Amino acid sequence: MSRTLRVRQSQTVVPFGAGAVFDIQGESFVATGIGDWPTRGRQRIDSPRLADRLGVTGFYAAPATPNDRYDVADAPGAPYIRFPSWLFCGACRRMKRWRIADEKHGQAPRCPSCSPARPLAPMRFVQICKAGHLSDVDWWFWAHSRRDGGERRTCEEREKLRFLVSDRASGLEALSVACAAKGCEAARDLLDILGTHGMRCSGRNPWQRASEAVPCPRPVQIVQRTAGNLYYPNVHSALDIPETDVVVHDDEGLAAQVREHHLWVSLCRDAASPRAVLFRQMIQEDTGADDGLIDALLAEEMGQAAPVADAADGGLPAGPSWPDLSREEWAAFTAPAPPATRDFALRETTLGLAGETEEPWAGIAGRFGRVVLADRLREVRALSGFTRVSPDATVVPADTSRRLKWLPAVEVFGEGIFLTLDRAALGDWEQDTEVRRRVAGLRADLERSFQKDRLASVTGPELAPRFVLLHTLAHLWIRQLSFESGYTTASLRERIYARPDQDQYGILVYTAAGDAEGTLGGLVRQGEPGRLAETLLRMTEAAAWCSADPLCAEHSGQGFGNLNRAACHACALLPETSCEAGNSLLDRALVVGGERVPGYLQSIVAAARNAAVTALEQP
Ligand SMILES: [Zn+2]
Ligand SMILES: [Zn+2]
Ligand SMILES: [Zn+2]
Ligand SMILES: [Zn+2]
Ligand SMILES: [Zn+2]
């Protein structure tokens with residue numbers, strides 16, 4: 001029914017996941033909901049931990065395609081349909097509403113009126129609403145919108161439209177849609193097309209049938225189809241830590257106590273009965289275990305997900321929309337003997353600075369803690385849904401039919417370096433009044449931000465100084481690594497472990513390519529003793545200065561929603577795909593020091609300068 005395009009399997013979650021609109025060689029398409037995915041050839045992706053947290057039964061990747069050509073009919077892959085369906089001819093300016101019946105396998109749409117046939121181009125504007133709906137602009141209505149209702153009714157030709165361009169004006173004013181019906185001269189230019197115009201919402205997405213539309217009272221907004229607010233994917237990612245470690249290490253003693261409690265077996269047996277509440281209470285009183293731990297242990301015991309409320313209308317349960325996945329990963333990276341499986345191989349190393357007394361090395365040794373090299377990592381990324389207009393708008397599930405209990409996902413393999421700060425040094429720094437004051441300002445901006453919920457999944461319930469510090473360090477480190485090792489910044493990713501409530505204080509920088517051959521050892525080599533310390537030193541020196549200073553350093557709020565301080569494109573920002581937090585909550589001043597605030601690595605900047613001066617003075 002739909003024209004099938006080949007998009008690489010790894011792209012079917014981001015950037016071409018359900019609901020995304022994208023251009024390929026002059027044509028424009030939208031990725032359908034996963035209800036339209038073929039069942040043949042799709043691949044099961046295992047990630048029990050992620051499935052558990054998202055309250056789904058599992059994941060599938062779109063059927064793999066042998067190469068990444070886009071244009072072969074009936075090939076496997078995820079389904080995409082043409083959108084917008086209103087196209088126009090650049091030669092005769094006729095507009096044509098393209099229907100599925102008009103599709104010709106392997107051929108781009110051509111103008112039926114021109115000879116030789118010219119390619120048709122998609123209209124640049126579409127309409128969206130905050131309920132996540134997307135549709136074509138009602139171009140007939142637009143052309144006739146300057147007329148009153150009575151005049152409008154006299155025109156009955158709904159699809160005889162032209163998309164005109166005038167050379168007497170420029171920009172949107174030069175463009176207009178005109179009715180070409182006999183005797184009708186309705187037309188309107190596109191000067192003020194962006195925005196809301198009281199047009200009705202279709203109540204659905206382009207791949208949904210008319211019968212699936214819901215009455216939607218939201219005002220529609222007309223936007224360019226490439227606009228940034230057309231699509232915000234909700235992507236969740238989990239590292240593949242060994243199954244046996246799903247229960248957190250520092251709770252292991254507690255977990256044993258719970259399991260040995262004389263009421264544990266009763267609780268497991270009667271978990272669904274009213275008595276379970278009593279059993280649970282008594283176990284909690286005796287052991288001090290919290291609900292989270294008991295739920296996790298129950299889930300483990302009974303081989304099923306922790307109970308989540310079922311959605312009233314079937315389909316996916318309404319689990320937390322942004323669950324915390326950091327807990328078990330942090331536990332695995334900080335375990336005394338890091339666990340290992342085929343897809344998760346860790347080895348602990350050091351900065352190689354033991355016994356150093358000379359600055360700046362002694363300073364570096366005192367500020368950082370554990371170094372763990374991950375020779376192999378597997379990451380699963382799943383798409384639960386998307387929003388339009390704004391990230392905090394209504395979420396449209398990846399399965400718009402709401403029948404499916406799985407989500408689309410991809411698995412990627414890679415390697416990484418995990419690094420912690422020195423816990424005591426961090427604790428001291430975090431107590432500083434100026435540090436707290438500076439982060440309190442940022443926290444207030446975050447509270448007001450529509451990104452608040454999404455960011456809370458990485459920052460924890462309350463933004464702490466350590467988050468901004470570790471996040472900025474991750475960015476600076478990635479930039480430095482890319483400078484030194486030839487990795488592009490876009491090929492490196494960060495993971496921030498900075499929840500104070502869980503006593504986290506580390507970062508992971510990793511590569512994750514789309515295939516099983518992601519592990520080449522190049523990144524891990526950058527983490528070896530000596531080399532990593534050098535990188536950290538050069539990173540710190542570089543961070544002390546930005547080419548946009550003094551402007552950048554003195555900023556009291558820059559970036560999207562004022563959620564950055566001293567951080568800009570010239571010094572700290574990364575490609576979107578590398579960052580967990582939308583390039584926000586960054587502040588170099590917390591790393592290297594600022595006007596009034598002490599930086600966590602400030603003494604190293606000073607020591608490095610002194611060392612350089614001393615070296616120059618020596619004959
Ligand atoms: Zn034409
Ligand atoms: Zn007309
Ligand atoms: Zn709507
Ligand atoms: Zn800057
Ligand atoms: Zn980031």
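Counting starts at 1 for both ligands and their atoms, in listed order. Keep in mind the model is a prediction, meaning the values are calculated, not measured.
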Quiz item: Quick one: angle Cys179 SG - the Zn ion (ligand 2) - Cys184 SG, to the nearest 10°?
Solution: 110°

Quiz item: About how large, to 10 degrees, is the angle SG of Cys129, then the Zn ion (ligand 3), then SG of Cys216?
Solution: 110°

Quiz item: Tyr497 vs Trp330 aromatic rings, parallel, tilted or perpendicular, using cut-offs 30° and 60°?
Solution: tilted

Exercise. Starting from the Zn ion (ligand 3), look over the N/O/S atoms of His133 and name the nearest one.
Key: ND1

Quiz item: Would you say the ring centroid of Phe163 lies under 6.0 angstrom from that of Phe88?
Solution: yes

Quiz item: Any ion pair linking Asp445 and Lys452 (charged N to carboxylate O, less than 4.0 Å)?
Solution: no

Quiz item: What class does the angle between the rings of Phe467 and His471 fall in, given that below 30° is parallel, 30 to 60° is tilted and above 60° is perpendicular?
Solution: tilted

Quiz prompt | Glu494 atom (N/O/S) at minimal separation from the Zn ion (ligand 5) | solution = OE2

Quiz item: Looking from the Zn ion (ligand 5), what is the angle between NE2 on His471 and SG on Cys579, to the nearest 10°?
Solution: 110°

Quiz item: For the atom pair CG (Leu239) and OH (Tyr510), what is the distance rounded to the nearest 0.5 Å?
Solution: 6.0 Å

Quiz item: How is the N/O/S atom of His144 that comes nearest to the Zn ion (ligand 2) named?
Solution: NE2

